[in-house]
Amino acid sequence: MVFVLTDGSGRTGRSRMDSTLRLLAETGATGYPAFRQVTDQQVYTAFLRQDIPFFLNLRDQLQRLFDELQPATVVGDAMEYYNPTHDLCRILIDSILLRTAASARPVAENFDFTLVGPVSGETPGAINRELPPEIFEKKCAAARNYVELTAEVERQMAQFGPTHFRNESLRPVVAGCFPERSGIPFYEDYGRQQVEKGIYSEAIAFDRHFVPVLQALDLPIPRRVTSGSS
């Protein structure tokens, strides 16, 4: 059962949900029909305007669906400081599982997977799999057939090589224990560049826009590593 947070429209306004639902059907997965997606632009605007009720409503909607399904395992995006919407998926999951634990109810196993970084199966307790050739070919074909992401798939293939897609790893996560960060997130740096080009009027900044959402969801602020830290 797959929960799709946004419609993938980015700043273009063109939804990718048809492609997403087709891919899910081809792989035997199911998009959860009771969960209504929001647009990427709605998420970006909510961050910039500090619309905290927007994020709390998302968390509460997901919480109700989790309570209904009572999953034994939850798998979601890793916190990679690359895309604020990807990171939002992670903090929503962790907030829900921490609330579940506080209520003394059974808590689902919590795993993440990387979206832009290299796959590493070195995490203790990780579920690792090297895809056999026939499955790997099907996976590559499915990725390339997702036409809205063809350029991104090819870029990732060129940057990391085929092993990046052949090896898969689901890593166990302790809810609320986020990886340390160094420097500013990729999306903040990229956003500033887009502002300078006149494409964006304002960029999402981690300290100014993301941290208040973490606090509203009762989550800790990731530790920042500076030069010379040990």
Through direct or indirect side-chain contacts below 4.5 angstrom among Ile, Leu, Val, Met, Phe, Trp and Tyr, which residues connect to Val147? none
Gln156/Leu149 under side-chain contact (heavy atoms from CB on, under 4.5 Å): CA gap, chis, key distance, verdict: CA-CA 11 Å; Gln156 292 264 331; Leu149 291 179; over 6 Å; no
Partners passing side-chain hydrogen bond (donor to acceptor under 3.5 Å, both in side chains) against [X] (at least two apart in sequence or in another chain):
{"X": "Arg14", "value": "none"}
{"X": "Lys139", "value": "Glu168"}
{"X": "Glu137", "value": "none"}
{"X": "Glu148", "value": "Ser19"}

Please identify each residue that fulfils side-chain contact (heavy atoms from CB on, under 4.5 Å) with [X], with sequence neighbours left out.
{"X": "Arg208", "answer": "Glu202, Ala205"}
{"X": "Leu98", "answer": "Ala175, Leu219"}
{"X": "Ile52", "answer": "Gln50, Leu56, Val213, Ala216"}

Sequence neighbours excluded and cut-off under 3.5 Å, please list the side-chain donor-acceptor pairs for residues 176-187, or say none.
residue : atom : partner : partner atom : Å
Glu180  : OE2  : Arg223  : NH1          : 2.6
Arg181  : NH2  : Asp207  : OD1          : 3.2

Do the side chain of Thr45 and the main chain of Gln42 share a donor and acceptor less than 3.5 angstrom apart? no
Give a yes or no on whether the backbone of Gly10 and the side-chain of Asp40 come within a donor-acceptor separation of less than 3.5 Å. yes
For residues 21-31, please give each side-chain donor-acceptor pair under 3.5 Å, one per line with the distance, not counting sequence neighbours.
residue : atom : partner : partner atom : Å
Thr27   : OG1  : Leu23   : O            : 3.2
Thr27   : OG1  : Leu24   : O            : 3.0

With sequence neighbours left out, which residue pairs that include part of residues 43-80 fulfil the ring-ring contact (aromatic ring centres under 6.0 Å, His included) condition? Phe3-Phe66, Phe47-Phe55, Phe47-Phe210
Does anything in residues 71-82 form a side-chain hydrogen bond (donor to acceptor under 3.5 Å, both in side chains)? List the pairs, not counting sequence neighbours. none
Give a yes-or-no answer on whether the side chains of Asp67 and Gln63 include a donor-acceptor pair shorter than 3.5 Å. yes
With rounding to the nearest 0.5 angstrom, report the CD1 to CZ distance, Ile135 to Arg166. 11.5 Å
So do the side chains of Asn110 and Arg90 get within less than 4.5 Å of each other, counting heavy atoms only? yes
